[in-house]
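Just so you know, these numbers come straight off a predicted model, no measurement behind them. Every heavy atom of this structure was used, including side-chain atoms; hydrogens, water molecules and symmetry mates were not. Residue numbering restarts at 1 for every chain, and letters A, B, ... go by the order of the sequence lines.
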There are 2 protein chains.
Amino acid sequence: MSSSAAASVWARIRLADRRDVPNIHRLIRQMAEFELLTHLFSATEASLSDTLFPSPALPPFLSFTVLILELSHSPFSEDSDAPLFAPIVRRIDLESAVEDPEAAEFASPRGEGIVVAGFVLCFPNYSTFLAKPGLYIEDIFVRATWRRRGLGRMLLAAVAGQAAQMGMGRVEWCVLDWNVNAIKFYEDMGAEVMPMWRICRLTGPALQAYLHEK
Amino acid sequence: MSSSAAASVWARIRLADRRDVPNIHRLIRQMAEFELLTHLFSATEASLSDTLFPSPALPPFLSFTVLILELSHSPFSEDSDAPLFAPIVRRIDLESAVEDPEAAEFASPRGEGIVVAGFVLCFPNYSTFLAKPGLYIEDIFVRATWRRRGLGRMLLAAVAGQAAQMGMGRVEWCVLDWNVNAIKFYEDMGAEVMPMWRICRLTGPALQAYLHEK
């Protein structure tokens, strides 16, 4: 989407497919930069494609699932190829025209001047206390240009609505304790930030050391 | 397993099946009591059975997976019905005979005087930075009578070994920040306890509120 004087845009959340991998890869890299975690970033387009979009495809929300957030200056044409997840479309009012300096880099594979503005990646988790599956959000990200316009809320609400529709018990995700803007945003959306739980991670050589115990 | 003068026991980790649901339910209840979280416990045997052991069964470690820890005073007979996960068996030396006051309650459905001493429940997660799946451990639990004998280590090592064998990038789980014994145990096993991440949870009416956004 080029610079424009339009005072509103159309936002669409749809299921991602293999053609979205280059944009997903760029979005994840930006997220790693924002979280000051680029030293942990080793994903390639090929490795993302192999692990997120296996053949045959698994049904969405029963395995790793990516939803893509796209923006367009004109209404989206009907996406008849969406039997598994009906796209969610909203009109977003802008206070003034927005210049997107990354518009060319993040052009949508769907064409028509559509740009990719963010994504969410989730997969099923399970609560033994509830004896119910839930959804875990591994990543939720909106590019800097498009923040503070309700788009992050729209992504999170898409996952929450899906979980509720599927009769799941919880949606969970993690936040860095210094990211006070994100914490405020999540609490405003009804989430509880749990103070007492800490994440434990076994990775790299420490994980490989257990191979011999098989 | 009744009270016995034996100074060692055999421990086996095997894939759980539907017949293990009553014991799994009792173990989860004990875990909720230990974590002071019984107010969050609403699982029933029926709801556990439906959600953990759907028909047709999914391959282990690609969806919700329960491994059961059993103890026997005599060597286990060969489990020829285990094509999906080869049971892990260790001989555990005891300093003195152990009286298990819950032995009758936790009798194994496999009979032969075998008792169930614990379990681990895990499922796949995904790291976008690594572009690799991993395993997330939702629960790991050993009954109080049998703690501090290397059995928790055996359960965690079983999951870690499986993840390493499958080429996965990480094993992750959560710990309560006041559970210093668990934190020490996990660190000794090579895990990093991550200080800055907090879990966000959307559940109950706050989650149901998003149903209308679908």
Side-chain angles (χ1 to χ4, degrees), chain A residues 28 32 37 40-44 47-48 51 63-64 121 123-133 136 138-139 157-158 160-165 169-178 186 189-203 206-211 213-214, chain B residues 28 32 37 40-44 47-48 51 63-64 121 123-133 136 138-139 157-158 160-165 169-178 186 189-203 206-211 213-214:
Chain A
I28 296 169
L37 295 174
L40 298 179
F41 181 81
S42 62
T44 64
S47 61
L48 286 172
T51 52
S63 182
F64 313 135
L121 186 151
F123 49 77
N125 65 3
Y126 187 84
S127 163
T128 33
F129 287 5
L130 302 178
K132 279 188 181 181
Y136 184 84
E138 175 67 19
D139 293 321
Q162 184 70 34
Q165 189 181 48
R170 295 172 179 168
V171 175
E172 293 180 303
W173 62 94
C174 283
V175 66
L176 285 162
D177 67 349
W178 52 257
Y186 293 144
M189 289 198 65
E192 179 187 5
V193 179
M194 306 182 72
M196 291 197 301
W197 291 98
R198 296 293 176 274
I199 297 161
C200 302
R201 178 177 291 173
L202 187 58
T203 190
L207 175 59
Q208 293 305 314
Y210 290 95
L211 192 55
E213 304 212 15
K214 276 296 294 180
Chain B
I28 297 170
L37 294 174
L40 298 180
F41 181 80
S42 62
T44 64
S47 61
L48 286 171
T51 52
S63 182
F64 314 135
L121 186 150
F123 49 78
N125 66 3
Y126 187 83
S127 163
T128 33
F129 287 4
L130 302 178
K132 278 188 182 180
Y136 183 84
E138 176 67 20
D139 292 320
Q162 184 70 33
Q165 188 181 48
R170 295 173 178 166
V171 175
E172 293 179 305
W173 63 92
C174 283
V175 66
L176 285 161
D177 67 349
W178 52 256
Y186 294 144
M189 289 198 66
E192 179 187 4
V193 179
M194 306 181 72
M196 290 196 301
W197 291 99
R198 296 292 174 274
I199 296 161
C200 301
R201 177 177 291 173
L202 188 57
T203 189
L207 176 60
Q208 293 305 315
Y210 289 95
L211 191 56
E213 304 212 16
K214 276 298 292 180

Looking at A:Ala191, A:Ser63, A:Cys174, which has the largest count of heavy-atom pairs under 4.5 Å with chain B?
-> A:Cys174
Does the side chain of B:Phe123 come within less than 4.5 Å of A:Pro124's, by heavy atoms?
-> no
Contact winner vs chain A - B:Trp178, B:Phe41, B:Trp173, heavy-atom pairs under 4.5 Å = B:Trp173
Relative to chain A, which of B:Glu192, B:Met196, B:Arg170, B:Arg201 shows the most heavy atom pairs under 4.5 Å?
-> B:Arg201
Minimal non-hydrogen separation, A:Thr128 against B:Ala43, with atom names = O-CB, 3.3 Å
Contacting region of A:Glu138 [heavy-atom separation from chain B under 4.5 Å] = side chain
Interatomic distance, B:Met189 atom CE to A:Cys200 atom SG [nearest 0.5 angstrom] | 11.5 Å
Rounded distance (nearest 0.5 Å) linking atom CG of B:Leu48 with atom CG of A:Leu130 | 10.5 Å
Would you say the side chain of A:Tyr186 lies within less than 4.5 Å of the side chain of B:Leu202, judging by non-hydrogen atoms?
-> no
Interchain contact, B:Phe64 with chain A, by part (heavy-atom threshold 4.5 Å) | side chain
Would you please name every residue forming a side-chain contact (heavy atoms from CB on, under 4.5 Å) with A:Leu37, sequence neighbours left out?
-> A:Glu35, A:His39, A:Leu40, B:Phe129, B:Trp197
Could you tell me which non-hydrogen atom of A:Arg198 sits nearest to which non-hydrogen atom of B:Met194, and how far apart they are?
-> CD-O, 3.8 Å
Closest contact, heavy atoms only, B:Ala163 versus A:Leu207 = CB-CD1, 4.4 Å
Can you tell which of A:Thr44, A:Val175, A:Val171 has the highest number of heavy-atom pairs within less than 4.5 Å of chain B?
-> A:Val175
Find out whether B:Tyr136 and A:Asn125 are in side-chain contact, i.e. whether some heavy atom of one side chain is under 4.5 Å from a heavy atom of the other.
-> no
Is chain A contacted by the side chain of B:Leu176, its backbone, both, or neither, given a heavy-atom distance below 4.5 Å?
-> both
For A:Gly190 and B:Ala206, work out which heavy atoms get closest and say how close.
-> O-CB, 3.5 Å
Check for a donor-acceptor pair, side chain of A:Thr203 on one end and backbone N or O of B:Gly169 on the other, with a separation under 3.5 Å.
-> yes
For B:Leu211 against A:Gly161, the heavy-atom pair lying closest together | CD1-O, 4.2 Å
Which heavy atom of B:Lys132 sits nearest a heavy atom of A:Thr51, and at what distance?
-> CA-CG2, 4.5 Å
